[in-house]
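Here the structure is laid out as C-alpha cells; the discussion comes afterwards.
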Amino acid sequence: MNEAQNPPESDNSQENSSTESRDFIREIVAADLASGKHGGRVQTRFPPEPNGYLHIGHAKSICLNFGVAEENEGGRCNLRFDDTNPAKEEQEFVESIEEDLRWLGFDWGQRIFFASDYFEQLYEYALELIRRGLAYVDSLGAEEIREHRGTLTEPGKNSPYRERSVEENLDLFARMRAGEFEDGAHVLRAKIDMSSPHIVMRDPTLYRIRRAHHHRTGDAWCIYPMYDFTHCLSDSIEEITHSLCTLEFENHRPLYDWVLDALETPCHPQQIEFARLNLAFTLLSKRKLMRLVTDGLVDGWDDPRMPTISGLRRRGYTPEAIRAFCDLIGVAKRDSLVEMTPLENAVREHLNRIAPRYMAVLRPLKVIIDNYPEGQVEEFEAINNPEDPQAGTRKVPFSKELFIEQDDFREEAPNRKYFRLAPGREIRLRYAYFITCTSFVKNEMGEVIEVHCSYDPESRGGSSPDGRRVRGTSHWVSAAHAVPAQVRLYDRLFTKPNPNEVEEGGDFTDNLNPASLELLTECMVEPNLRGLEAESRVQFERQGYFCVDRDSSSERPVFNRTVSLRDSWAKIEKALMG
RNA sequence: UGGGGGGUCGUCCAAGGGUAGGACAGCGGUCUUUGGAACCGCGAAUCGGGGUUCGAAUCCCUGCCUCCCAGCCA
C-alpha cells in the first residue's frame, strides 16, 4: 500500500534516449507527434470492463497506455470503465481495479470516466445515425439474426426490417428506450453490408434491450449500447489520440472507423492493436479466473497463486517488479507465450535490493552443541541487507539447542561437492560458530531427529583465527527463542504451459496443479520476525523471499513464499541424480 | 474454401537493402560468512522454395504453419 506513494522507478531513465529501440506503437506515436497528426497531443486510455479483477495481462496494457502518455510531454492517460453490460459488471470490480491501478503506481488525476456517463450522448449519436439512414431497428429474434448473418464463407441476407423508414426507426427506437418492448424484441443495427467479407460489418448490433440493474445508472435505462458503438465514440468524446487494444479487436477496426466516419465527432482516434500477454503455466482470462474463484478452486481473487494484481500483491510481488517485467517483455504483434522466469526474476531482482534478511527454519532439525555451556545465551549481530548498508544490523540470540534445516544434514555426505553437515563434517552457523557433527539420533521410524555437534569457541562470529576454510554455511534458530510460524509454499497453478490444452471433452481445470500449495506448519523463525506488518517482504536467508500474510498474528506469523532464491546446489544435485 | 493478423536464438524483443543484436534462460569461470548477490566468458535464430540486387530477416512471387472473427459479450 505504501508503495503507491513512491515515485515510479527511474533506474531506466537513460533507456529513453532516442538510440534505444522502441516498440512499434511508440514508433507510431513518435511519428504522429513529429507530423502533427493529432495536433501534437498524446492521449491514451486504459478501458477495463468492471467484470473481474485486473491481472498481469492488464498490467502490460496499463504500463503501455500510461507509459506512452508519461513519456511524452503533456501526454495523458484516462481511466475509463467500459461498463455497457449491466449483467456482468459490479461496483466491487470498479473499486478493486482502481485500487490495483494505484498500487501499481499509476495516477489518472481527475480523468476517471465511465462509458455509462455517455449513455445520453451515445443515444443522441444513435438517433443521428438513424436520421442519416445508417441504422435501423430490427425486429428479428437473436436466432434469426444469426441465421441471416451467413457464415465465414457465405454472405448474409438482409433482414426484412432493413428498409424501415427513418420515421418508423426513430419511433421504434424511442419506444425501445421508453421500455415498451420486451427484452430481445428489437435491436438497433448499423446498416452497412450483409455481404461484407468482414463479418463484423454485416449490420452489427448497436443497441439491445436489457432490463438489468446497472451498477451506476441503476434502472434509468433498459437499452444498452454495444461495445463497437460505445468504444470508438467514448474514445472520440475523450479526444483520445491513440486507442491501444489487443489483437482480437483488429477485426473490429473497420467498424470502429465506420462509426466515427458516419457521424460528426470531436476527433477520430487511431486504433492500434498489440498482442496480449500469455504467461506459461497460468491463465490470463477474466472469465476463467472468475471460474476458479466461484468454484472455490482457489482462495479468492487474491489467492497468491492467482496471476491477478491482488494475488501477486498478496504473494509478495512489488509494483516495481511488475513494471520491470512489463518493460522486459516488450510490445509486439506476434502471439507469444512468456515464461514465468522473467516475472520471477524481476521480483528477485527488486527484493534482493530492498528485502531485509532473516533466518527462518522451514523444516526444523534439532541440533545440540554438546560442549556449549548449558543455559548460556549469546547475541550475534546480523546484517540486515548486504546489498544495502543503510539497512543496518540486528541481534540474533544463540544457545546450546538450535534448529537447522533438515536439508542441511545428511547421514552420509553424498559427494565431494556437498558442503553441508554430516558426521565428521564442519560447517559454519551463519554469524555464529563453526560446528562439527559428532553423532545423530534416529527415531523408531528411522528418521534423524537430533544431531549432536561440538563447536569451536575460537570461531566466534563465523571465522576462525587459523584461517581454515569452511565451505558450508547454515542458517539456524535458537530453540529456546524460536517463534513457531506457518509458511505457505506456492508452485505453478497449472501443470501445463498452456492450461487450455486439454483432452477432448475436458476443460482447463483438469490441468490444475494439485501441489500448487504446500503448507508448512512446523516452521521455526528468528524472534525478530515476530510482529511484522502484513505485506512486509523479507528474505529468509538461503531460501527465498517471503511476504507476511494478512492471516498473520504475532503469536503465529504466517508467511507466503513469493519466490525461492536461485539454488545452484539443487541444480548440481539434480544433475547428479540424472 | 471468406476476411483480418503473425512467423528471427530455448523464451521475449531488436535490426526497416550493408557485420543478425540485446535481455532472460542455459553452460563454464571468478568472488563470496546466503550453494544468494555481483562480475567475466561461451554456445545458440531469420518457416520453406524461387526471384530482384554487388549485397535480402528486410523488396517481389509462391508454398507452408499459426492466431483471430459467424454474442442482443468486451
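Below, chains carry the letters A, B, ... as their sequence lines are ordered, and counting in each starts from 1.
Checked by atom type, the side-chain pair A/Ser61/A/Asn65 shows a donor-acceptor distance below 3.5 Å.
Residues passing the salt bridge (charged side-chain N to carboxylate O under 4.0 Å, His left out) test with A/Arg430, sequence neighbours excluded: A/Glu541. Taking A/Arg287 as the reference, nothing meets the salt bridge (charged side-chain N to carboxylate O under 4.0 Å, His left out) condition, with sequence neighbours excluded. Residues passing the ring-ring contact (aromatic ring centres under 6.0 Å, His included) test with A/Phe81, sequence neighbours excluded: A/Phe114. Applying the ring-ring contact (aromatic ring centres under 6.0 Å, His included) rule to A/Tyr545 yields no partners; only residues at least two apart in sequence or on another chain are considered. Residues that satisfy the ring-ring contact (aromatic ring centres under 6.0 Å, His included) test with A/His252, not counting sequence neighbours, are A/Phe249. Here A/Arg208 pairs with nothing under the salt bridge (charged side-chain N to carboxylate O under 4.0 Å, His left out) rule; sequence neighbours left out. Looking at residues two or more places apart in sequence or on another chain, you find no salt bridge (charged side-chain N to carboxylate O under 4.0 Å, His left out) involving A/Glu379. Residues passing the ring-ring contact (aromatic ring centres under 6.0 Å, His included) test with A/Tyr358, sequence neighbours excluded: none.
Nucleotide B/C72 holds its P atom 18 Å from the OH atom of A/Tyr224, rounded to whole Å.
Here A/Thr341 lies in heavy-atom contact (under 4.0 Å) with sugar-phosphate atoms only. Using a 4.0 Å heavy-atom criterion, one finds that A/His231 contacts no nucleic acid atom at all. Counting non-hydrogen atoms under 4.0 angstrom, A/Arg287 reaches nothing in the nucleic acid. A/Val200 comes within contact range of no nucleotide atom at all, as no heavy-atom separation falls under 4.0 Å. Among the atoms of the strands shown, base atoms are found under 4.0 Å from some heavy atom of A/Gly141. Counting non-hydrogen atoms under 4.0 angstrom, A/Lys571 reaches the backbone sugars and phosphates but no base. Within the 4.0 angstrom heavy-atom criterion, base atoms lie near A/Arg357.
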Could you give the side-chain donor-acceptor pairs of residues 329-343 of chain A under 3.5 Å, partners two or more places apart or in another chain?
residue: A/Lys333; atom: NZ; partner: A/Glu250; partner atom: OE2; Å: 2.5

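In this structure, A/Tyr317 has its ring center no closer than 6.0 Å to that of A/Phe325.
A donor-acceptor contact shorter than 3.5 Å is absent between the side chain of A/Arg291 and the backbone of A/Phe508.
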Between protein and nucleic acid, restricted to nucleotides 38-41 of chain B and to nitrogen or oxygen atoms under 3.5 Å apart, what atom pairs and distances do you find?
none

Nucleotide N/O to protein N/O under 3.5 Å, stretch nucleotides 56-59 of chain B:
none

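Distances shown here put a side-chain N or O of A/Arg149 below 4.0 Å from the OP1 or OP2 atom of B/G71.
Out of B/G36, B/C68, B/G5, the shortest distance to the side chain of A/Ser568 is found at B/G36.
Map A/Tyr431 and A/Glu154 each onto its nearest nucleotide of RNA chain B; the residue landing nearer the 5' end is A/Glu154. Along RNA chain B, the nucleotide nearest to A/Gly150 and the one nearest to A/Arg348 differ in position, and the one closer to the 5' end is contacted by A/Arg348.
Against the 90° criterion about 0, the sugar-base torsion of B/G71 places it in the syn range.
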For nucleotides 10-17 of chain B, 5' to 3', base contacts (B), sugar-phosphate-only contacts (S) and non-contacts (-) with protein non-hydrogen atoms under 4.0 Å give BSSSS---
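No hydrogens or angles were tested; on distance alone, nothing pairs the side chain of A/Asn251 with the base of B/G5 as donor and acceptor under 3.5 Å.
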